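Below is one structure; the comments refer to it alone.
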Amino acid sequence: MRENLLPTQVPRPQGIIAHEELPLTVRDAATYLDVSIQTVYLWVERKQIPHLRVMGRNIRFLKSDLEPFRATFKQEVGIAKTE
């Protein structure tokens, strides 16, 4: 049964990042979310967006964490535009 799994479906220990999922920089996250870099920094400061701190000050994001955030964000923006 296990031999039918694709490489991305192989179970991995908690806390291990898949090779395909390299952390995004603030600039990459801003581009992915279609917002300014300043907006991303503001969300990080307010703890409104899932992020990682690397070596103290460097901020990184996992795309898998940003996908649900992006969906929620896009929904809220869509609601605000119709009001």
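All values derive from a computational prediction rather than experimental measurement.
Applying the ring pair (Phe, Tyr, Trp, His ring centres under 6.0 Å) criterion to F69, with sequence neighbours excluded, gives W43.
When all heavy atoms of T39 and S36 are compared, the pair lying nearest together is OG1-OG, 2.9 Å. The two residues P50 and L66 make their nearest non-hydrogen contact at O-CD2, 4.3 Å.
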Side chain to side chain contact (heavy atoms under 4.5 Å, CB included) evaluation trace for Y32 with R27: CA-CA 9 Å; Y32 179 70; R27 182 182 305 272; over 6 Å; no

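I49 contributes atom CD1, which lies 11.0 Å from atom OG1 of T72 (distance to the nearest 0.5 angstrom). Here L52 contributes atom CG and F61 contributes atom CZ; the two are 8.5 Å apart, rounded to the nearest 0.5 Å.
L62 has its side chain out of reach of L24: every pair of non-hydrogen atoms, C-beta onward, lies at least 4.5 Å apart.
Counting only residues at least two apart or in different chains, side chain to side chain donor-acceptor pair (under 3.5 Å) contacts with residues 46-64 comprise E21-S64.
Side chains of T31 and D28: a donor-acceptor N/O pair is absent below 3.5 angstrom, by distance only.
Cluster membership check: L33 does not share its hydrophobic cluster with L42, using side-chain heavy-atom separations under 4.5 Å among Ile, Leu, Val, Met, Phe, Trp and Tyr.
Side-chain contacts under 4.5 Å among hydrophobic residues (ILVMFWY), followed directly or transitively, place V54 together with M55.
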